[in-house]
Each structure stands twice: as structure tokens, then as C-alpha cells.
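Everything on this sheet refers to the single structure shown next.
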Amino acid sequence: MPLADYILDGELGRGAFSIVYRVIDRKSKKEFAMKVIDRKSSSKAALQTEIEIMKKVSHPNIVTMHEYFESTEKIYLVVELVTGGQLFDKIMEKKFFSEKEARVIVKQLLESLQYLHSVGIVHRDLKPENLLLKNEKDLTIALSDFGLSKILADDVFMKTTCGTPSYVAPEVLNNINNAPTAYTEAVDMWSVGVIAYILMCGFPPFYSDDIRKLFESIMAASYDFPEKYWKNISKEAKHFVNCFLTVDPAKRYTAKQALEHPWLTLAPQSAPLPHWNDQIKKYVVIRREESKKFGAELVFNTKLAQPTTQS
Ligand code: ADP
Ligand code: MG
């Protein structure tokens with residue numbers, strides 16, 4: 001039994017579908033993170049094939065997959081252990097943040113996505129909780145949970161992504177009652193736009209307490225750059241965000257195109273962003289509440305999540 005090969009060494013965190021433990025391989029004494037998923041969350045038959053694809057992924061900014069096994073009740077994913085915690089927890093401690101720092105993060109994210117997309121993997125669940133940091137030293141990103149959407153049953157996955165849709169592309173919400181398998185890599189690029197937007201001003205482009213309104217604003221890509229918070233931010237940065245928050249997935253920037261955008265290639269603005277710190281602190285608190293609220297216990301209500309298209 002492979003589980004016996006590991007010493008469980010405390011809990012690292014919990015998500016909607018899983019509990020993550022720190023573990024030590026008894027033989028090699030190496031440390032890993034072990035993600036334990038309830039089998040009920042997964043109805044997929046071809047797990048093994050998916051895992052083989054995931055195991056081949058190798059990139060400095062992506063959490064690598066080490067081993068996989070299952071029992072009658074659980075699925076165990078043993079992955080690279082990263083020690084820097086969640087990106088947003090780290091940056092909210094910063095007194096100073098500028099476009100230059102935002103760019104360092106976004107660039108790594110784009111490079112890891114360019115890689116994933118080139119090997120045919122769509123992440124599908126890009127959100128701050130999956131942007132981890134390799135270590136405590138610097139802002140080296142470790143992208144987590146790519147391919148997880150392939151392991152989880154579609155309805156289970158949709159339940160949580162649509163329960164907290166702040167990062168979800170319009171075509172995903174549009175397709176809520178259809179087989180959610182047809183998405184292209186463009187869904188990831190939408191999330192990059194949302195993440196880049198938040199990194200610069202500290203609050204999200206789409207936000208509403210009313211989930212219906214939230215769905216509507218996402219599906220219409222209706223967002224703006226409030227003057228108070230965005231007046232000191234470069235026009236290249238705003239243009240960069242616009243390139244992702246485009247409803248038509250065919251018109252949305254690809255990772256490759258984005259890496260050539262002037263915001264990433266020209267000299268960055270390094271003036272501290274005003275209001276940034278207060279905003280991001282507020283947002284991290286809101287986001288924690290949101291994630292808790294829409295945890296595994298949520299009974300997905302399709303009617304509620306179904307946006308009203310008229311009016
Ligand atoms: P979510 O991504 O929704 O937060 P997860 O089950 O993916 O849920 O992870 C729960 C938490 O466990 C993460 O937010 C993170 O803090 C921690 N975690 C996940 N993977 C790792 C890892 N490879 N190394 C260290 N910590 C991890
Ligand atoms: Mg995760």
C-alpha cells in the first residue's frame with residue numbers, strides 16, 4: 001500500500017475538493033505535499049491516462065506531480081512541496097507594490113501557461129489559491145492544480161467554479177448546463193486578465209454580492225478602471241488587461257501573444273501603486289470568506305447560477 005510509504009506530517013490546507021498534507025517519503029526522506037480527494041468527487045474512468053500526462057509536466061513555475069494512487073474511498077496525489085504559501089497572502093504583507101512587481105508575477109504565469117498549452121493541457125481552475133510560491137525568499141510562482149479538473153467529475157468541478165465565478169471565462173458560464181469539456185486554453189487566458197487586474201489595483205474587475213449580477217457582468221465583460229485607483233497605472237497595463245477580458249475566446253490573447261505585449265517588453269513603471277495595500281488586504285479577506293462559503297458542502301443550485309439573459 002503506497003500510503004504506508006509516507007509519513008503524514010501535518011495539514012497544509014484545505015480546498016473545496018481536497019485536504020493537502022505535508023508528507024515525508026520513508027525511504028528517500030524527501031518531503032512532498034499529498035493531496036487527498038474523496039473518490040465521490042471523481043467519476044472519471046481514465047484517471048491513469050490523465051495522471052500519466054500530468055507526470056510528464058516539467059516547468060520551473062509549475063508544481064510537479066510525483067506519484068498517484070487510490071484506495072476504495074480516496075484518491076492520493078503526491079506532488080512537489082512548495083514552501084512559500086499562497087501568492088496573495090505574501091503580497092498583501094508588502095508595503096510597496098508597483099507595476100514592476102505585478103509584471104514579474106504575470107510573466108511567470110504566462111510562461112507556465114504557454115508551456116502547459118503547448119503540451120495540450122488547459123488548467124481550467126486558475127485562481128489566487130492555486131498561485132503558490134516556491135519558497136519564502138522571492139516571488140517565484142508555483143502554479144498548482146493543473147489538470148485537476150480532469151480528475152474531478154464535471155458536475156463537482158462546475159459546482160465550485162461556478163459557485164465562486166470571479167475568475168471564470170464567460171463561455172464557461174454560458175455552457176453551464178452542457179458538457180463542460182469543450183473549453184479551449186482561452187479559458188485560462190481570461191483568468192490571467194482577472195489576476196493581472198487584481199494585481200494592479202487590489203480589487204477584482206467583476207464583483208457583486210448578487211451572483212446573478214456577477215454572472216451578467218462577466219458574460220458581458222462589463223468592467224472598468226475606476227479613476228481613483230487606476231489613474232497612476234500605465235495605459236499599456238490597461239490595454240494588457242483588455243486583451244484578456246474579451247468575451248470572444250477567439251479574439252482573446254494567447255499566452256504567446258501576451259508575452260510580446262508592450263506592458264511586458266517595455267521598461268516597467270516602478271512607482272508604488274496608491275491605495276494598493278488597503279485594497280488587496282480587503283480583497284484577501286473577502287476571498288477567504290467566499291472560498292469558505294462555496295466549499296464542498298454547497299449544494300449546487302443550477303437555477304440560482306443560471307444567469308438571466310434578458311433584461
Ligand atoms: P484550493 O486550491 O481551492 O485552495 P487545494 O486543495 O488545492 O485547494 O489546496 C489547499 C491548500 O493547500 C492550498 O490553498 C495551499 O495553501 C496548500 N497547498 C496545495 N498544494 C500545495 C503544495 N504543493 N505545497 C504546499 N502547499 C500546498
Ligand atoms: Mg488548489
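This structure is a prediction, so every number in the text was calculated from the model and none was measured.
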Partners of [X] by side-chain hydrogen bond (donor to acceptor under 3.5 Å, both in side chains), sequence neighbours excluded?
X    : answer
S149 : R124
H66  : none
N135 : none

* Mind checking whether Y229 and F203 have ring centres under 6.0 Å apart? ->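 Ring-ring flag for Y229/F203: true, centres closer than 6.0 Å.
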* Validation row, ring centre H123 to ring centre H117 under 6.0 Å ->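 Ring centres of H117 and H123 not closer than 6.0 Å.
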N-O pairing of [X] and [Y] below 4.0 Å:
X    : Y    : value
K55  : E50  : no
K213 : E216 : no
R26  : D5   : no

* To do: Name all pairs fulfilling the side-chain hydrogen bond (donor to acceptor under 3.5 Å, both in side chains) condition that reach into residues 262-273, sequence neighbours left out, sorted by first residue then second.
  =>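 The answer is E99-W263, E99-Q269.
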* Keeping to residues at least two apart or across chains, list the side-chain hydrogen bond (donor to acceptor under 3.5 Å, both in side chains) pairs with something in residues 81-95. =>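 Listed once each, the pairs are D89-R288.
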* **Positive for side-chain contact (heavy atoms from CB on, under 4.5 Å) with W190, one of I195, I218, V172** =>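 Output: one option passes, namely I218.
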* Could you check N61 against L143 for side-chain contact (heavy atoms from CB on, under 4.5 Å), going step by step and ending with a plain yes or no? => CA-CA 6 Å; N61 298 116; L143 183 59; 5.7 Å; no
* Which salt bridge (charged side-chain N to carboxylate O under 4.0 Å, His left out) pairs, counting each pair once, include a residue from residues 65-78, with sequence neighbours left out? ->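 Applying salt bridge (charged side-chain N to carboxylate O under 4.0 Å, His left out) to every pair that reaches into residues 65-78, excluding sequence neighbours, yields R39-E70.
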